[in-house]
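In what follows, every chain begins at residue 1, and chains take the letters A, B, ... in the order their sequences are listed.
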Amino acid sequence: MFEIGLKLMNASRTLVCVGLFALSPIGFSAIGISASAQDFPSGSRTPSVTMQPPEIVSIHRGHPGSVQLQFRIASGFHINSNQPKQEYLKKTELKLDAPTDIAIEKVVYPDGEDRSFPFAPDEKLSVYSGDFPIEVVVRPLKTVVPTKYAIHGKLYYQACDNAACYPPKQFPVSFEIKVLKSANEHKKRIPPQSPHTHG
Amino acid sequence: MKRDPVILIVVAIVISLMLVFGIQKARHNNSSSSLGGTSKLQGQLAPDFSLASLDGKTVKLSDFRGKAVLLNFWATWCEPCKIEMPWFVDLQKKYGPQGLQVVGVAMDDASPKEIGEFAQKMSVNYPVLVGKESVGDQYGGIPYLPSTFYIGRDGKVVDRVFGLVSRSEIENNIQKALGQQGQVAQR
């Protein structure tokens, strides 16, 4: 009898705990968080672009090497692509300052996603949203000293949400490359093997 | 020592309540700090300013005293702003004879020539002024565009709207601004 009473008490405690948790703000926020992340009013947050820490890429001097930079735009925002369809829109652009003897051969932007927005349902804009990559092709000159080099720059972008646009911004970008001697140079240093042996 | 799980749960709920309300309060403070300056303006005299128009003249907001003013902060790079501009053109035609004056303030890094070309392309029929950040600051800061202030004939701010809203909402606000003098006189 005593055991049954104890079990009933434990069960009711468990029910109270579950009920309290469901009614608690954590429970509410867990339920409501996915909706509120998308439906925030304009201006309640500011747009942000961040970059994942890039890997250090090894590049042989005298040869081109590719560095992949991964950017993330905060959810609910979009930025113009590098080739917006409308002439007055600010394009997303990565401007880099490379050290002397490190040439930035090209910056490769992804194609924008053609999207229409509630403010212009009949018009398609070329935009980036979520994650997007930018590829930087770097060529260290043949004369450069083999070591690590830091390349700095800025990502210029202008963000909007579904009803408003935010002033153009700059995001500081930096990554490192490791310059190696070229494979040919190694070969050159190995003395040629003579087919003849000198006794 | 054995702890009662109900007490633990209650403590956890109290802590979570404190956390959630703390976060909500912080969020509220953030949004009111960015927009609070402008909400203080409601019912107050709109800050006067003096800006250059696209044709090089100096225009003061107080030049329009006696008219209802729709003061629209915009930029050439702002797509939602482009949607509103033809509405403002129509509404200026419709309510101009009743005393409405639309005034555009370009918060742009483009040159006045480029702004002028853009405005011409949009067939703008109201004065466009070359904006300054200091003027935006007078209005509580303009964190994003479009931002529109509705000013009554008595020079007081009737309402302000951030972001793109419907044409009917804009028209309602214009009517409020045009009726402001009557409301004040009745009091």
**Request:** Output the distance between atom NZ (A/Lys90) and atom CG (B/Asp109), rounded to the nearest 0.5 Å.
**Result:** 3.5 Å

**Item:** Set of residues satisfying side chain to side chain donor-acceptor pair (under 3.5 Å) with respect to A/Gln170, sequence neighbours excluded
**Value:** A/Lys154

Return all side-chain donor-acceptor pairs below 3.5 angstrom for residues 115-123 of chain B, not counting sequence neighbours, or 'none' if the list is empty.
unit_1, atom_1, unit_2, atom_2, d
B/Glu117, OE2, B/Lys113, NZ, 3.3
B/Lys121, NZ, A/Glu87, OE2, 2.5

**Message:** Just verifying a value: how many Å separate B/Lys82 NZ and A/Cys165 SG, rounded to the nearest 0.5 Å?
**Reply:** 10.5 Å

**Request:** First locate atom OH of A/Tyr88, then atom CD of B/Glu79, and finally report the distance between them rounded to the nearest 0.5 Å.
**Result:** 12.0 Å

**Request:** Evaluate the side-chain proximity of B/Trp77 to A/Pro168: yes if any heavy-atom separation is below 4.5 Å, no if none is.
**Result:** yes

**Message:** Around atom CG of A/Asp111, are there more than 12 heavy atoms from other residues, nucleotides or ligands closer than 6.0 Å?
**Reply:** no

**Prompt:** Which pair of non-hydrogen atoms, one from A/Ala163 and one from B/Pro146, has the smallest distance, and what is that distance?
**Reply:** O-CD, 4.0 Å

**Complete:** Turns out that what part of B/Ile83 lies under 4.5 Å from chain A's heavy atoms comes down to side chain

**Prompt:** Does NZ belonging to B/Lys132 count more than 12 external heavy atoms closer than 6.0 Å?
**Reply:** no

**Item:** Heavy-atom neighbours of A/Arg72 CZ exceed 12 at 6.0 Å
**Value:** no

